[in-house]
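To start, the structure itself, in structure tokens.
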Amino acid sequence: MGRYLAITGGVGGAKLALGLANILEPRELAFAVNTGDDFDHLGLHISPDVDTLTYTLAEASNTETGWGRADESWRFIETLAEFGGETWFRLGDRDLALHVTRTRALASGQTLTQVTASICQSLGIAHQVLPMSDDSVRTFVTTATGPLAFQHYFVRDRCAPVVSGFEFRGIDQAAPSAAILEVLADDCRGVIICPSNPFVSVDPILNLPGMRDALRACGAPVVAVSPIVGGIAIKGPTAKMMAELKVPSTAAQVARHYGGLLDGFVLDEQDADQHGQLEVKTCVAQSVMSSLADRIALARVTVDFIESLV
Ligand code: FO1
């Protein structure tokens with residue numbers, strides 16, 4: 001029996017990922033995570049979405065911010081400020097140890113997939129966390145003043161710049177990781193696109209050369225959970241980006257964005273009026289996840305929905 005593949009970015013998607021990890025065993029479920037947000041900072045290779053998912057699955061994430069680690073201290077970044085270093089991207093002391101570990105492993109020739117597997121093992125995570133690619137892909141957003149590296153847009157400039165497009169630098173030379181292609185080719189049970197930002201968290205994964213073909217060939221339903229509820233994004237700049245791209249900030253637009261790739265689309269109860277109105281099959285669920293129970297319930301609905309499409 002094969003596995004489900006959950007495709008996710010950062011905070012929003014990681015909530016559903018935790019729900020899925022609670023109802024499916026490691027032999028039933030693997031995660032494909034966006035690495036377009038990765039960047040080199042202070043000499044360290046930072047992989048924010050991989051780390052957000054890893055800490056979330058380890059139940060060690062900072063639940064206020066959604067990123068970084070719980071029980072954190074900030075002596076490094078405070079001291080860096082004294083030396084005039086860059087502190088706009090806040091690195092906690094415990095989080096720093098992860099970035100140093102990854103950077104050293106990559107420098108020694110390990111792949112991002114390999115070092116992520118050993119970090120997950122150290123954190124007691126049994127599910128496979130699979131970076132989307134072991135090749136370098138870097139997301140830039142197109143703004144009136146030119147291309148902006150993703151973390152500069154998202155963190156330093158707090159998503160203020162008006163966005164007119166995206167570029168994923170390096171993607172034409174990149175490939176989905178062999179581990180991800182194996183999950184899809186090996187009797188895959190279904191693909192869940194978690195409620196992450198379609199443009200900057202999911203598209204870097206879908207646009208990898210060969211990824212869409214592998215998804216179509218996997219022989220299992222592909223279902224997305226809407227990150228837009230009632231015209232707003234639960235987390236992050238998705239709705240703002242849609243307005244700036246001059247497309248409707250609606251769940252239906254997200255389904256249109258994914259197009260023919262989808263076999264099903266999960267709408268929130270607030271958008272139940274769109275149920276049955278889309279070109280793709282829909283189901284309605286409570287998709288605003290405040291508690292672990294919410295995460296588990298949405299995961300259950302999504303998996304049952306996939307089973308109904310087989
Ligand atoms: N997001 C912020 O808004 N401010 C930060 O200072 C910040 C630091 C940070 C450190 C490590 C990490 O893994 C993530 C961090 N993030 C921060 C979140 C990160 O920018 C986003 O999670 C993703 O890139 C978008 O999903």
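Please read these numbers as outputs of a predicted model, since none were measured by experiment. All values below were derived from every heavy atom in this structure, side-chain atoms included, with hydrogens, water molecules and symmetry-related copies excluded.
Using a distance-only test at 3.5 Å, with no hydrogens or angles considered, a donor-acceptor pair links the side chain of Gln274 to the main chain of Ala252. Put simply, the side chain of Asp135 never gets that close to the backbone of Ala174: no donor and acceptor are under 3.5 Å apart. The closest donor-acceptor contact from the side chain of Gln270 to the backbone of Ala272 lies at 3.5 Å or more, if one exists at all. Using a distance-only test at 3.5 Å, with no hydrogens or angles considered, no donor-acceptor pair links the side chain of Ser73 to the main chain of Arg75. Formation of a donor-acceptor pair under 3.5 Å by the Lys240 side chain with backbone atoms of Cys159 is found in this model. One N or O on the side chain of Glu28 and one on the backbone of Glu25 form a donor-acceptor pair closer than 3.5 Å. Panel note: side chain Asp268, backbone Ser287; a donor-acceptor pair is recorded below 3.5 Å. Side-chain atoms of Asp294 come within 3.5 Å of backbone N or O of Ser291 as a donor-acceptor pair. Between the Glu72 side chain and the Asp93 main chain, a donor and an acceptor come within less than 3.5 Å of each other. With hydrogens and angles disregarded, no donor-acceptor distance shorter than 3.5 Å links the side chain of Thr116 to the backbone of Thr113.
Between Leu44 and Leu96, some side-chain heavy-atom pair lies under the 4.5 Å cut-off. Annotation: side chain of Thr35 is not in contact with side chain of Pro204 (no heavy-atom distance under 4.5 Å). The side-chain heavy atoms of Leu91 and Ile46, taken from C-beta on, include a pair separated by under 4.5 Å. For the pair Leu106 and Val115, the minimum side-chain heavy-atom distance is below 4.5 Å. Counting heavy atoms from C-beta outward, Leu130 and Phe31 have side chains that stay 4.5 Å or more apart. A heavy-atom distance below 4.5 Å is not found between the side chains of Thr282 and Val266. A heavy-atom distance below 4.5 Å is found between the side chains of Arg216 and Asp213. Annotation: side chain of Ser61 is not in contact with side chain of Trp67 (no heavy-atom distance under 4.5 Å).
Distance check: Glu86 CD to Leu80 CG gives 8.5 Å after rounding to the nearest 0.5 Å. Here the CD atom belonging to Gln277 is positioned 8.0 Å from the CG atom belonging to Asp273, to the nearest 0.5 angstrom. Here the CG-NE2 distance, from Asp40 to His99, works out to 12.0 Å after rounding to the nearest 0.5 Å. Once rounded to the nearest 0.5 Å, the distance linking CD1 of Ile192 with CD1 of Ile306 reads 4.0 Å. With values rounded to the nearest 0.5 angstrom, Ile232 atom CD1 is found 13.5 Å from Thr250 atom OG1. Here the straight-line distance linking atom SG of Cys194 with atom CG of Asn34 works out to 12.0 Å at 0.5 Å rounding.
There is a path of hydrophobic side-chain contacts, each under 4.5 Å, that joins Val155 to Val163. No chain of hydrophobic side-chain contacts below 4.5 Å, direct or via other Ile, Leu, Val, Met, Phe, Trp or Tyr residues, connects Phe265 to Val229. Cluster annotation: Val202 is not connected to Val11 through the hydrophobic network of ILVMFWY side chains, with a link wherever side-chain heavy atoms come within less than 4.5 Å. Cluster membership for Val183 and Met132, using ILVMFWY side-chain heavy atoms within less than 4.5 angstrom, is shared. Taking hydrophobic clusters as Ile, Leu, Val, Met, Phe, Trp and Tyr residues chained together by side-chain heavy-atom distances below 4.5 Å, Phe150 shares a cluster with Leu245.
Gln128 and Arg3 form a side-chain donor-acceptor contact under 3.5 Å, judged by distance and modelled atom types alone. Side-chain contact check for Ser177 and Asp134: no donor-acceptor pair (N or O, by modelled atom type) lies under 3.5 Å. Side-chain polar atoms of His45 and Asp38 form a donor-acceptor pair below 3.5 angstrom.
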Intermediate values then yes/no, salt bridge (charged side-chain N to carboxylate O under 4.0 Å, His left out), Arg69 and Asp51: CA-CA 9 Å; Arg69 188 159 180 165; Asp51 294 350; over 6 Å; no

Is there a side-chain contact (heavy atoms from CB on, under 4.5 Å) between Thr238 and Met241 once you walk through the steps? CA-CA 5 Å; Thr238 302; Met241 287 178 170; 5.9 Å; no

Check against side-chain hydrogen bond (donor to acceptor under 3.5 Å, both in side chains), Asp49 and Thr52: CA-CA 5 Å; Asp49 284 355; Thr52 295; 4.9 Å; no

Go through Tyr55 and Asn62 one step at a time and tell me if the side-chain hydrogen bond (donor to acceptor under 3.5 Å, both in side chains) criterion holds. CA-CA 8 Å; Tyr55 287 142; Asn62 175 331; over 6 Å; no

Between Leu20 and Tyr4, is the side-chain contact (heavy atoms from CB on, under 4.5 Å) condition met? List the steps. CA-CA 10 Å; Leu20 290 165; Tyr4 291 93; over 6 Å; no

Apply side-chain contact (heavy atoms from CB on, under 4.5 Å) to residues Ile193 and Ile205 and explain how you reach the verdict. CA-CA 10 Å; Ile193 299 179; Ile205 300 173; over 6 Å; no

Checking Leu53 against Leu18 for the side-chain contact (heavy atoms from CB on, under 4.5 Å) test, could you report, in this order, the C-alpha distance in whole Å, the side-chain angles of both residues, the deciding distance, and whether it holds? CA-CA 8 Å; Leu53 177 63; Leu18 183 58; over 6 Å; no

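Shown here for Phe154 and Pro237, the closest heavy-atom pair between the two residues is CE1-CD, 3.8 Å. Ser196 and Tyr258 make their closest contact through O-OH, 4.3 Å (heavy atoms, listed as atom of the first residue, atom of the second, distance). The shortest heavy-atom contact between Pro195 and Leu16 is CD-CD2, 3.7 Å. Minimum interatomic distance between Ile180 and Leu5 (heavy atoms only, all atoms of both residues): CG2-CD2, 4.1 Å. Closest of all the heavy-atom pairs between Leu262 and Val223 is CD2-C, 4.5 Å. When every heavy atom of Gly12 is checked against every heavy atom of Met289, the shortest pair comes out as O-CE, 4.1 Å.
Cation-pi contact between Arg169 and Phe140: present, with separation from the ring centre below 6.0 Å and deviation from the ring axis of at most 45°.
The number of heavy atoms from other shown groups lying within 6.0 Å of CG (Asp71) does not exceed 12. Annotation for Arg156: atom CZ counts as buried by contact number, over 12 foreign heavy atoms lying within 6.0 Å. Heavy atoms from other residues, nucleotides or ligands lying under 6.0 Å from CD of Glu279 number 12 at most.
The aromatic rings of Phe199 and Phe166 lie parallel to each other, their planes meeting at an angle below 30°, with 60° marking the opposite boundary.
Looking at Met242, His257, Arg256 one by one, the single match for side chain to side chain contact (heavy atoms under 4.5 Å, CB included) with Val247 turns out to be Met242.
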